[in-house]
Amino acid sequence: MIIDIGKTLKAKIYGEKAVFGPWVGIADPNVMEVLARLAFDFLLVDAEHSAIDAKGLSALLPAADLYKMPVIFRPTTMAAGEMKTALDSGVAGLMIPMVETAEQAREIVSICKYAPLGSRGVGPWRASGFYDGFEDYLREANAATTLIVQIESAEGLANVEEISAVEGVDMLFVGPADLSSSLGLPIGGMSDRLVEAFSRVVHAAKAHGKRVSIDLTSVDRLPALRKIGFSLFTCGSDMDFIKQAGQRLLMDLSAASGD
């Protein structure tokens with residue numbers, strides 16, 4: 001079933017429609033299950049900027065698998081151990097932060113793909129259904145696993161054409177805040193220079209049959225980002241959903257009570 005979930009994500013990524021999913025930063029199976037019941041296309045579990053770690057995935061993933069919800073995992077770094085642990089636990093894909101060279105992208109592919117594309121170690125304990133589907137998993141994992149590399153620095157942008165050409169990478173993700181910071185631009189804006197950077201990433205990716213994704217900080221920006229060529233969007237987070245719902249309730253209570 002895990003392979004089928006991975007295939008579903010791959011098909012959506014290479015489809016024509018926009019694909020949406022929230023960030024997950026709360027390490028709780030109940031939170032994961034609530035989000036998995038919603039009609040998002042994927043969940044993105046973030047270890048880079050939360051208290052979640054790769055070793056905790058095996059406790060979180062069953063809640064998403066129950067609803068056939070694909071999970072992408074972002075490790076803290078390009079550390080091989082985190083990537084291998086996440087894949088063997090059964091994630092549908094990985095998003096790797098701060099990729100700046102084609103050499104780094106090739107190393108990521110090598111870690112995450114089985115031979116002959118890479119050198120991933122054979123031990124997909126949970127990903128293969130505790131080895132009940134071992135042969136099927138080994139045969140289909142390379143094609144079913146989505147690999148996303150983040151372009152979020154001036155150096156990554158300078159090398160984006162070479163990074164895009166790396167076989168085994170499916171998608172480039174623009175980290176708008178980090179990229180803006182690296183380029184000396186205000187964080188949160190949409191300056192002409194930043195839009196030019198976005199367009200360069202999109203052009204490079206599409207030249208090699210890759211897709212491009214970005215964090216959607218405002219729904220109002222969706223039409224413009226779609227026009228540039230982005231197709232997968234991270235949007236919102238579990239912590240934001242809790243905070244915003246609480247803030248709205250407090251505002252409603254204040255208005256209703258007249259205080």
Sub-3.5 Å donor-acceptor pair from the side chain of [X] to the main-chain atoms of [Y], do we have one?
X	Y	answer
R120	K113	no
D53	G56	yes
R106	G168	no
S181	A177	no
N159	E155	yes

Out of curiosity, [X] [atom1] to [Y] [atom2], how far, rounded to the nearest 0.5 Å?
X	Y	atom1	atom2	answer
I26	L35	CD1	CG	8.0 Å
T234	F20	OG1	CZ	11.0 Å
E33	M69	CD	CE	11.5 Å
E196	I228	CD	CD1	11.0 Å
I111	I96	CD1	CD1	8.0 Å
L117	C112	CG	SG	11.5 Å

Tell me whether [X] shares a hydrophobic cluster with [Y], the cluster being built from Ile, Leu, Val, Met, Phe, Trp, Tyr side chains joined at under 4.5 Å.
X	Y	result
L9	L66	no
V160	V195	yes
L94	F233	yes
M32	I72	no
L44	V24	no

Quick check: do [X] and [Y] have side-chain heavy atoms less than 4.5 Å from each other?
X	Y	result
S164	H208	yes
P22	L43	yes
V174	S213	no
K227	L222	no
Q104	M98	no

Side chain to side chain contact (heavy atoms under 4.5 Å, CB included) between S231 and R226: does it pass, once the steps are laid out?
CA-CA 6 Å; S231 59; R226 285 287 282 159; 3.8 Å; yes
Establish, from distance only, whether the side-chain atoms of S110 and S119 form a donor-acceptor pair under 3.5 Å.
yes
If we ignore angles and hydrogens, is there a donor and acceptor under 3.5 Å between the side chains of S153 and E100?
yes
Would you call [X] and [Y] a salt bridge, taking side-chain N to carboxylate O under 4.0 Å as the test?
X	Y	result
R221	D215	no
D238	K243	no
K55	E82	no
R211	D170	no
E161	R200	yes

In terms of relative ring orientation, are F40 and F241 parallel, tilted or perpendicular, with 30° and 60° separating the classes?
parallel
Evaluate the ring planes of F173 and W23, with Trp represented by its six-membered ring, and classify them as parallel (under 30°), tilted (30 to 60°) or perpendicular (over 60°).
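Ring orientation of F173 relative to W23: perpendicular.
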Which atom names give the shortest non-hydrogen contact between [X] and [Y], and what distance separates them?
X	Y	result
V202	G229	CG1-CA, 3.9 Å
Y67	A36	CB-O, 3.7 Å
L61	S89	CD1-O, 3.3 Å
G121	Y114	O-CE2, 3.5 Å
G90	I2	O-CG2, 3.5 Å
V212	A205	CG2-CB, 3.4 Å

Only one of K12, M95, K10 passes side-chain contact (heavy atoms from CB on, under 4.5 Å) with T146; say which it is.
K10
Around atom [atom1] of [X], are there more than 12 heavy atoms of other residues, nucleotides or ligands at under 6.0 Å?
X	atom1	answer
E103	CD	no
R37	CZ	no
N30	CG	yes
E135	CD	no

Apply side chain to side chain contact (heavy atoms under 4.5 Å, CB included) to the pair F198 and F230, showing each step before the final yes or no.
CA-CA 9 Å; F198 290 171; F230 291 99; 3.9 Å; yes
Verdict with reasoning, I52 to D46, per side chain to side chain contact (heavy atoms under 4.5 Å, CB included)
CA-CA 7 Å; I52 295 176; D46 182 26; over 6 Å; no
Decide yes or no on side chain to side chain contact (heavy atoms under 4.5 Å, CB included) for S182 and E152, but give the supporting numbers first.
CA-CA 8 Å; S182 183; E152 47 186 344; over 6 Å; no
